[in-house]
Amino acid sequence: MGFLTGKTAIITGAGRAVLKNGRCGSIGYGIATAYAKEGANLVITGRNVKKLEDAKEELERLYNIKVLPIQADVSAKSDNLAVVQSVVDKAMEVFGRIDVLINNAQASASGVTLADHTTEQFDLSLYSGLYAAFYYMKACYPHLKETKGSVINFASGAGLFGNYGQCAYAAAKEGIRGLTRVAATEWAQDGINVNIVCPLAWTAQLEQFQEAYPEAYKANVHTPPAGHFGDPELEIGRVCVQLASPDFKYMTGETLTLEGGLGQRP
């Protein structure tokens with residue numbers, strides 16, 4: 001039994017994705033796998049129903065936990081309050097508690113310069129990332145207060161370093177960083193642990209990009225100083241497991257930057 005047995009985690013953007021070698025191929029699914037290994041029941045959301053159902057089948061079969069997959073999309077044209085509240089209500093109906101909220105979902109039109117970015121592309125990043133984190137945090141707050149739970153959000157080096165062609169993505173991630181710090185300040189008195197991770201992982205999307213556009217990959221993607229990209233499950237997922245530990249209750253509001261599996265607090 002893992003130390004998360006009997007607890008419930010909501011993970012957004014956690015549909016199944018795998019690398020060619022069969023290992024976890026996305027941050028969301030890597031986190032879900034790490035949490036499943038520790039015995040947590042999971043509520044996973046995303047836009048792709050098949051990926052969610054595939055995740056449910058594999059995680060329940062391998063780790064003897066329960067997974068509730070829910071198609072949910074926070075966007076400019078949705079009743080987002082209702083969308084998110086429905087996810088939270090279903091989680092409570094099925095599991096009766098929420099111990100961890102992980103806001104991982106994020107879409108963007110990366111590669112489009114600021115001058116060429118459309119309002120629709122900017123909205124895509126802000127709604128899927130920043131607004132989604134805002135709505136999920138508000139909806140989960142009373143339940144996390146009850147369980148003295150944890151919130152783990154995701155930012156990015158794109159905002160920290162001003163990556164070319166990622167204006168909307170960077171804006172969303174910097175907004176999430178600010179939101180996280182405020183929540184850490186306001187919710188500490190409620191016993192809610194709030195942290196943010198800035199990850200760099202080897203994913204199925206990056207693997208496909210390397211194969212399809214080898215020259216562009218060589219010019220734009222650089223190996224971290226540690227010599228490798230973070231593993232979505234063994235490094236990033238395990239960090240997220242540790243951030244749900246009571247040992248981290250006095251470390252709220254930290255920014256954890258993962259460079260190839262090495263964590264540091266800048």
Side-chain angles (χ1 to χ4, degrees), residues 1-72 87-88 90-106 132-133 136 140 143-144 147-154 193 195-197 199 201-205 207 229-248 256 258 261 263:
M1 291 177 63
F3 80 87
L4 295 177
T5 298
K7 296 188 175 183
T8 303
I10 295 178
I11 308 173
T12 68
R16 184 177 184 271
V18 295
L19 300 168
K20 280 190 169 182
N21 62 10
R23 296 200 59 81
C24 293
S26 72
I27 291 174
Y29 192 58
I31 297 168
T33 302
Y35 268 65
K37 286 183 175 180
E38 289 294 339
N41 294 316
L42 304 176
V43 180
I44 57 173
T45 74
R47 292 181 291 181
N48 188 309
V49 175
K50 185 178 187 309
K51 288 183 177 181
L52 293 172
E53 291 293 342
D54 288 347
K56 172 183 170 66
E57 189 280 326
E58 182 167 280
L59 295 174
E60 289 188 338
R61 172 171 48 83
L62 294 178
Y63 305 114
N64 194 33
I65 57 152
K66 292 184 179 180
V67 179
L68 174 64
I70 305 175
Q71 184 184 33
V87 172
V88 173
K90 289 176 182 176
M92 291 300 297
E93 179 183 343
V94 173
F95 297 118
R97 61 185 294 146
I98 297 171
D99 300 273
V100 187
L101 167 65
I102 301 176
N103 286 304
N104 164 73
Q106 177 72 66
Y136 274 103
C140 287
H143 308 298
L144 294 170
T147 59
K148 308 298 182 186
S150 301
V151 176
I152 303 168
N153 291 334
F154 278 79
N193 192 35
N195 283 278
I196 193 160
V197 178
W202 184 254
T203 65
Q205 282 189 325
E207 186 176 65
F229 291 85
D231 183 287
E233 177 204 341
L234 299 180
E235 292 166 328
I236 297 167
R238 293 306 302 177
V239 165
C240 290
V241 166
Q242 189 61 35
L243 289 176
S245 165
D247 294 339
F248 276 78
L256 196 64
L258 297 181

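Scope of the values below: all heavy atoms of this structure, side chains included, with no hydrogens, waters or symmetry mates. Quick caveat, the model's predicted, so the values are computed rather than measured.
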Within the 4.5 Å heavy-atom criterion, are Tyr136 and Val151 side-chain neighbours or not?
no
Nearest-0.5 Å distance, CG of residue Leu52 to CG of residue Leu68:
10.0 Å
Any side-chain heavy atom of Ile236 within less than 4.5 Å of one from Phe154?
yes
Taking CG in Asn64 as the centre, count heavy atoms belonging to other residues, nucleotides or ligands within less than 6.0 Å. Is the count above 12?
no
Once you round to the nearest 0.5 Å, how far does CZ of Arg16 lie from CG of Leu59?
9.0 Å
Given side chains that start at C-beta, do those of Val197 and Leu243 come closer than 4.5 Å, heavy atoms only?
yes
Any side-chain heavy-atom pair of Phe3 and Val241 under 4.5 Å:
yes
Within the structure provided, determine whether Glu53 and Gln71 are in side-chain contact (heavy-atom separation under 4.5 Å).
no
To the nearest 0.5 Å, what is the distance between CG (Asp99) and CD1 (Ile10)?
10.0 Å
Looking at every heavy atom in both Cys240 and Ile152, which two are closest together, and how far apart are they?
O-CD1, 3.3 Å
Considering all heavy atoms, the nearest Ala32-Ile11 contact
CA-CD1, 3.6 Å
Salt-bridge present (Glu207, Lys20; N to O < 4.0 Å)
no
Rounded to the nearest 0.5 Å, the CD1 atom of Ile102 sits from the CD1 atom of Ile27 at a distance of 11.5 Å
For Lys56, the salt bridge (charged side-chain N to carboxylate O under 4.0 Å, His left out) test, sequence neighbours excluded, returns Glu60
Identify the two heavy atoms, one from Glu235 and one from Gly230, that lie closest to each other, and give their separation to 0.1 Å.
OE1-CA, 3.1 Å
Test your reading of the model: is there a side-chain donor-acceptor pair from Thr147 to the backbone of Ile98, 3.5 Å cut-off?
yes
Residue pair Thr33 / Lys37, side-chain heavy-atom distance below 4.5 Å:
yes
Which atom of Val87 lies closest to which atom of Ala72, heavy atoms considered:
CG2-CB, 3.8 Å
Ser26 and Gly15 have their tightest heavy-atom pair at OG-O, 3.8 Å
Filter on side-chain hydrogen bond (donor to acceptor under 3.5 Å, both in side chains), then keep only pairs touching residues 42-52, sequence neighbours left out; what's left?
Lys50-Asp54
What are the two closest non-hydrogen atoms of Trp202 and Pro232, and how far apart are they?
O-CG, 3.4 Å
Rounded to the nearest 0.5 Å, what separates atom CZ in Phe95 from atom NE2 in His143?
14.0 Å
Rounded to the nearest 0.5 Å, what's the gap from CG on Asn103 to CG on Asn153? Could you check?
4.5 Å
Counting distance only, does the side-chain N/O of Asn193 pair as donor-acceptor with the main-chain N or O of Ala244 below 3.5 Å?
no
Decide if atom CD of Gln205 counts as having more than 12 heavy atoms of other residues, nucleotides or ligands within a radius under 6.0 Å.
no
